[in-house]
2 protein chains.
Amino acid sequence: MISARQLEVLSTVIEVGTTARAAELLAVSQPAISNMIRHTEDLIGFPLFHREHGRLTPTHEARHIAQEAQHLFMQQKRVESIVNELRGGTIGRLSIVATPSIGHGILPHVLSRFMEQRPKLQLSIELGSIDEINRRLVSGRADLGLSITPPRHSALSVHEVGAGRMMCVCPDGHELGLLDTISIADLNHVQHISYGTGTPLGQQIDKVFSERGLERRYFCEVRHTATALEMVRNGLGVALVDSFALIGQRHHGVTVRDTSPELPLNMHAVTSNLFPTSNLALRFQSFLADVLIGGPVQPGDTV
Amino acid sequence: MISARQLEVLSTVIEVGTTARAAELLAVSQPAISNMIRHTEDLIGFPLFHREHGRLTPTHEARHIAQEAQHLFMQQKRVESIVNELRGGTIGRLSIVATPSIGHGILPHVLSRFMEQRPKLQLSIELGSIDEINRRLVSGRADLGLSITPPRHSALSVHEVGAGRMMCVCPDGHELGLLDTISIADLNHVQHISYGTGTPLGQQIDKVFSERGLERRYFCEVRHTATALEMVRNGLGVALVDSFALIGQRHHGVTVRDTSPELPLNMHAVTSNLFPTSNLALRFQSFLADVLIGGPVQPGDTV
DNA sequence: GCATCTTTATAACTCAGGGTTATATCCATG
DNA sequence: CATGGATATAACCCTGAGTTATAAAGATGC
């Protein structure tokens, strides 16, 4: 079997005319070229060059082979470039499932920046509950899950990917907007949109309330922070919203304030142990982590 | 640079699922596969397989690479087959210049048999004088010259490729046809077509005549045996014709007889020293020699 | 006509990589 | 718990592609 290297040497010698210049071009010594040519001729069984007056002139057969070899070199380069693109994560298919608050907040923002350097990427974005994230990951339909509350599943690996916190949002001009920091106790005295006690978010908030001997009171119960944020924007009341939902959003119409006490909240990247995690997914995960390490959104940020 | 071998191993492992079966298929040991995979992963910088429970499952990236590698394998096979075809002389371009007697006689016959096994061949056949043969060979416009009289040129190599002789042809029913062997002296007593004393053929015949104290007498002078043969066929007279012109011809209308004395005549293959002789030309040359070694045409042969 | 340059070929050696065998380890399974 | 199938590791071997040094043979220039 004739090797790619042999074809490369053959082509180069034909191209540049002498073994010495071919050797220079291929960054090896001249005898290496001489030997390889002779070896190749022995292998294929007919001469590739005509030796005359101590010069080499390629035979028609050699030219024919070199011609055909060009296509092989093309293909070689193609494979090489695909390997490079796969390494750099600039190629491939990335399938993400995220909770709605992430999917509506930070995800499009980060994705658009991630895609800037990777125009060839194929994307698939799904939004869903923790259960949906679990299902898609264990069935291999998604590469990466993003969620605030980490799922518990033996076949899934969870990585903390960034720190955030709950923030209070109120409609512009709302009385709470006058304060720099809003105590959670204050929430009970205003029209307040919050999350069901059955939801992970609701439970986490409840825990803080009860630690302070408070009972959480709200006039409207929603499931997703995105919904709450939209209601606030329409002036229906105030709400606690995770900082991730605020990143990449224009805040016109709403005022964002820190809470007291702080309600820390981390974003988790989830991958399946049942399928190999694509290099691309890992790249996106660390890209996301890099963005989030800049710290959670600040009151007033428009990002 | 990732090698073809690495891609081959990668593809095979992905295809058959385990290193052991891949090793079997590639006829190497299992550790060889294991090492190559690991080495490849080190080289490209990201994992190609997910190790889990001591099993290998290919990553998306690995699948992608293997997919692309298929094209490279195709190309590899293509080059390989072209090398084989070049070796077997079943591909390429063959340009022959021959004298008219050869070109009209044996050449088409031998060529058609040569081409039977080589349907892809590109042919170029030219007929011409010795001078024309010389010119085309030294200028590189032809690979192989075929001639009875060997050309004299420092840049040309001549190989004897087959033995023949002069034969006497007469129209069917001609009085000479009654004899088994025709003495050259008999020719002077009938309507006789022959070659100018300036032509190589004429000179050779003249030599035999004069050795016997005879003077060659003919009523019609032609240059080529093919012309002479055609005239005989039309009943214009008898002629001496080289046996090569008779091979592959239907002899209806003419009778062929041996001469006394024998006038031996060899066919010569001529190649240029200025250009490498194509493998194909050499193949044809030996094919032709093989055909001719069957001996010259016999009286009555239709070949 | 002789020295020099260019070019290819040869010789003798080095070294890395792809191969080997033997064996360890891990897990699924009867 | 033993067994079988799978991958990985270790230690070794050998071929082949590379090296340097040098020879040989034409071209070239003074």
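Every chain is numbered from 1, with letters handed out A, B, ... down the list of sequences.
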Task: First of B:Arg51 and A:Met36 reached from the 5' end of DNA chain D, by closest nucleotide - done: B:Arg51
[X] has an atom [atom1]; how far is it from atom [atom2] of [N], in whole Å?
| X | N | atom1 | atom2 | result |
| --- | --- | --- | --- | --- |
| A:Gln6 | D:dG18 | CD | P | 10 Å |
| B:Leu43 | C:dA16 | CG | P | 16 Å |
| A:Asp42 | D:dT15 | CG | C1' | 15 Å |
| B:Leu48 | D:dT7 | CG | P | 15 Å |
| A:Asn35 | D:dT19 | CG | C1' | 11 Å |
| B:Ile33 | D:dA6 | CD1 | P | 14 Å |
| B:Phe49 | D:dA6 | CZ | C1' | 14 Å |
| A:Ile37 | D:dG18 | CD1 | C1' | 15 Å |

- [ ] From the options D:dG18, C:dT7, C:dT8, select the nucleotide whose nearest atom is closest to the side chain of A:Ser34.
- [x] C:dT8
Open item on the list: Which nucleotide wins on minimum distance to the side chain of B:Ala32, given the candidates C:dT21, C:dG19, D:dT19?
Closed with: C:dG19
For [N] and [X] - does any side-chain N or O of the residue sit under 4.0 Å from the phosphate oxygens OP1/OP2?
| X | N | result |
| --- | --- | --- |
| B:Arg55 | C:dA28 | no |
| A:Arg21 | C:dT6 | no |
| A:Ser29 | D:dG18 | no |
| A:His39 | D:dG16 | no |
| B:Thr19 | D:dT7 | yes |
| A:Arg38 | C:dT10 | yes |

Open item on the list: A quick test of your reading: do over 12 heavy atoms of other residues, nucleotides or ligands sit less than 6.0 Å from CD of B:Gln70?
Closed with: yes
Are [X] and [Y] within salt-bridge range, i.e. N to O under 4.0 Å?
| X | Y | result |
| --- | --- | --- |
| A:Glu8 | A:Lys77 | no |
| B:Glu61 | A:Arg93 | no |
| A:Glu132 | A:Arg135 | yes |

- [ ] Please say whether the positively charged group of B:Arg118, taken as NZ for Lys or CZ for Arg, lies over the ring of B:Phe114, i.e. under 6.0 angstrom from the six-membered ring centre and within 45 degrees of the axis.
- [x] yes
Open item on the list: Check this for me: does the side-chain of B:Gln30 come within 3.5 Å of the base of D:dA8 through a donor and an acceptor?
Closed with: yes
